[in-house]
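Working notes for the structure below.
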2 protein chains.
Amino acid sequence: MLDEARDRLAANGARLTPVRQRTLEILLESHRAMGAYEVLDRLAAEGFGRQPPVAYRALEFLVEHGLAHRLQRLNAFAACLHPGHDHAPAFLICRECDMLAELPAAPVRDALTELAAESGFQVERATIEALGLCPACAGAARP
Amino acid sequence: MLDEARDRLAANGARLTPVRQRTLEILLESHRAMGAYEVLDRLAAEGFGRQPPVAYRALEFLVEHGLAHRLQRLNAFAACLHPGHDHAPAFLICRECDMLAELPAAPVRDALTELAAESGFQVERATIEALGLCPACAGAARP
DNA sequence: GTTTGACTTGTTATCATGTAACATGAATAA
DNA sequence: TTATTCATGTTACATGATAACAAGTCAAAC
């Protein structure tokens with residue numbers, strides 16, 4: 001995963017420096033949405049800077065290069081699980097257990113792009129996030 | 001618009017009190033996305049309370065009752081332009097002029113709901129926001 | 001009509017999230 | 001090697017949001 005990321009970045013003339021790599025690893029390890037300050041704490045504990053911009057810059061960099069996503073509803077970030085494939089994912093956030101699922105959302109994005117185009121609006125980036133119940137929690141709620 | 005809002009609320013046993021009404025008016029007048037603190041300043045200048053919860057409570061109330069929307073991407077709020085009609089609107093935000101358009105997005109929502117259902121996820125609320133260029137700004141950019 | 005209880009509004013205090021501006025250090029290219 | 005660009009770190013601040021409590025308002029029940 002990291003090697004793939006490094007290659008992808010090199011192709012764009014960007015570098016996976018230590019902070020950036022560690023930030024990506026932290027996101028990948030925890031495998032859930034993390035707030036910037038949570039990431040910052042981890043970084044600081046490992047000897048990196050302890051001021052907010054350190055985390056925000058690394059996270060922003062990862063998002064810019066498609067290696068992580070920003071979740072608007074949660075004010076949080078998560079590693080991208082399918083870097084490069086379909087880059088307009090939709091996110092499903094379980095309101096019970098906070099589980100996060102990322103799914104390829106080409107049809108949804110297309111519907112949105114087309115709808116916008118009818119008003120002459122050019123979509124560049126779309127945020128598609130749903131709140132609801134994951135299968136496990138839905139099952140538990142209706143026994 | 002206000003009368004319609006009042007009626008809709010009365011039907012739900014909720015009241016359009018002065019702060020709430022004024023908050024809705026402020027959103028409607030400016031007809032764009034406003035931060036909570038911007039709304040708060042206006043309210044305070046008109047003799048209402050000047051502490052954050054005053055604005056947040058009024059805004060939250062309006063959102064709860066479908067009279068306003070919260071825009072995750074902007075950390076902002078905007079009056080709902082079609083209260084009651086299709087309540088899963090998509091938002092188009094122009095990155096040049098900050099124009100905000102709200103459009104009925106039933107097809108997009110349906111596509112998302114169906115996609116989620118394939119994974120067993122039950123969508124309750126969806127956030128669909130697009131960043132891009134409005135017709136005016138797109139025209140100006142490509143002369 | 002007064003009392004009860006739910007709701008509304010306001011406060012203080014604090015926390016969480018995000019960014020601007022600047023100084024220093026490392027990598028790259030001329 | 002020197003100029004230039006990019007990265008990292010800092011301080012300081014701006015913005016966004018909520019918890020906890022006190023006081024006022026209003027309608028319904030008695």
Side-chain angles (χ1 to χ4, degrees), chain A residues 5-6 9-24 26-27 33-65 67-78 98 127 129, chain B residues 5-6 9-27 32-65 67-78 95 98 127 129 131:
Chain A
R6 215 185 325 269
L9 289 174
N12 288 347
R15 290 155 48 208
L16 190 62
T17 59
V19 217
R20 293 171 178 170
Q21 170 167 340
R22 196 59 200 114
T23 301
L24 178 54
I26 288 169
L27 290 181
M34 297 182 78
Y37 281 68
E38 202 179 343
V39 171
L40 179 59
D41 284 347
R42 304 273 311 264
L43 289 174
E46 299 176 18
F48 294 99
R50 53 182 59 259
Q51 302 306 323
V54 169
Y56 279 102
R57 280 199 290 241
L59 290 166
E60 186 187 12
F61 173 88
L62 295 174
V63 170
E64 242 170 37
H65 291 84
L67 297 170
H69 297 289
R70 180 176 208 135
L71 293 153
Q72 310 281 346
R73 264 196 115 103
L74 303 178
N75 289 328
F77 300 82
D98 289 326
T127 299
E129 298 173 10
Chain B
R6 217 184 324 268
L9 289 175
N12 289 348
R15 291 156 48 208
L16 190 61
T17 60
V19 216
R20 293 170 178 172
Q21 170 165 342
R22 195 60 200 116
T23 301
L24 178 54
E25 286 170 7
I26 288 170
L27 290 182
R32 61 189 172 84
M34 297 182 78
Y37 280 67
E38 203 179 343
V39 172
L40 178 59
D41 285 346
R42 303 273 311 264
L43 290 173
E46 297 176 20
F48 294 99
R50 54 182 61 260
Q51 302 305 322
V54 170
Y56 279 103
R57 280 197 291 239
L59 290 166
E60 187 187 11
F61 173 88
L62 295 174
V63 170
E64 243 170 36
H65 290 84
L67 297 170
H69 297 289
R70 182 176 207 132
L71 292 152
Q72 310 282 348
R73 265 197 115 102
L74 303 177
N75 289 328
F77 299 82
R95 66 166 159 81
D98 288 326
T127 299
E129 299 173 8
L131 203 65

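Naming: A, B, ... by sequence-line order, numbering from 1 per chain. What you see is a predicted model, and the numbers here were worked out from it, not measured in a lab.
The side-chain hydrogen bond (donor to acceptor under 3.5 Å, both in side chains) check on Glu64(B) picks up nothing, with sequence neighbours excluded.
Counting all heavy atoms, side chain and backbone alike, Ala33(B) lies closest to Leu74(B) at CB-CD1, 3.9 Å. Smallest separation of non-hydrogen atoms from Leu43(A) and Ala55(A): CD1-CA, 4.3 Å.
Along DNA chain D, the nucleotide closest to Glu38(B) and the one closest to Val19(A) are compared, and the more 5′ of them pairs with Val19(A).
Between its opening and closing five pairs, the helix from dG1(C)-dC30(D) to dA30(C)-dT1(D) changes axis direction by 20°, a value rounded to 10 degrees.
One atom, CZ of Arg20(A), and another, P of dC6(D), lie 11 Å apart when rounded to the nearest Å. In this structure, the CG atom of Leu43(A) is 11 Å from the P atom of dT10(D), given to the nearest Å. Summarising the geometry, the separation between CZ on Arg15(A) and P on dT5(D) is reported as 15 Å, rounded to the nearest angstrom. When the C1' atom of dC6(D) is taken as reference, atom CZ of Arg57(A) falls 11 Å away, rounded to whole Å. Protein atom CG of Leu40(A) is 13 Å distant from nucleotide atom C1' of dT8(D), rounded to whole Å.
In this structure, OG1 on Thr23(A) lies 7.5 Å from CZ on Phe48(A), to the nearest 0.5 angstrom. To the nearest 0.5 Å, the span separating CG on Asp41(B) from CZ on Arg50(B) amounts to 8.5 Å.
The residues Glu25(B) and Arg22(B) are annotated as salt-bridged, a charged nitrogen and a carboxylate oxygen being separated by less than 4.0 angstrom.
By the 6.0 Å contact criterion, CZ on Arg32(B) is enclosed, its count of non-hydrogen atoms from other residues, nucleotides or ligands being greater than 12. Around the CZ atom of Arg95(B), the shell of radius 6.0 Å holds more than 12 heavy atoms that belong to other residues, nucleotides or ligands.
Interface limits on DNA chain C: the 5'-most and 3'-most nucleotides within less than 4.0 Å of chain A heavy atoms are dT17(C) to dA27(C).
Applying a 4.0 Å cut-off to non-hydrogen atoms, the residues of residues 68-78 of chain A that approach DNA chain C are Arg70(A), Asn75(A), listed by residue number. Within residues 44-56 of chain B, the residues that have a heavy atom under 4.0 Å from DNA chain C are, in order of number, Phe48(B), Gly49(B), Arg50(B), Gln51(B), Pro53(B), Val54(B).
Remark: side-chain polar atoms of Glu129(B) are not paired, donor with acceptor, to backbone N or O of Leu71(B) under 3.5 angstrom.
Side-chain contact between Gln72(A) and Thr127(B) is absent, with no heavy-atom pair separated by less than 4.5 Å. Contact check for Leu9(A) versus Phe61(A): side-chain heavy atoms found under the 4.5 Å cut-off. A 4.5 Å side-chain heavy-atom check between Leu59(B) and Leu27(B) finds at least one atom pair inside the cut-off.
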Pairs under 3.5 angstrom only: tabulate donor-acceptor contacts from the side chains of residues 12-20 of chain B to other protein residues two or more places apart or in another chain.
residue: Arg20(B); atom: NH1; partner: Arg15(B); partner atom: O; Å: 2.9

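On a pure distance criterion of 3.5 Å, no polar donor-acceptor pair joins the side chain of Tyr37(B) and the base of dA14(D).
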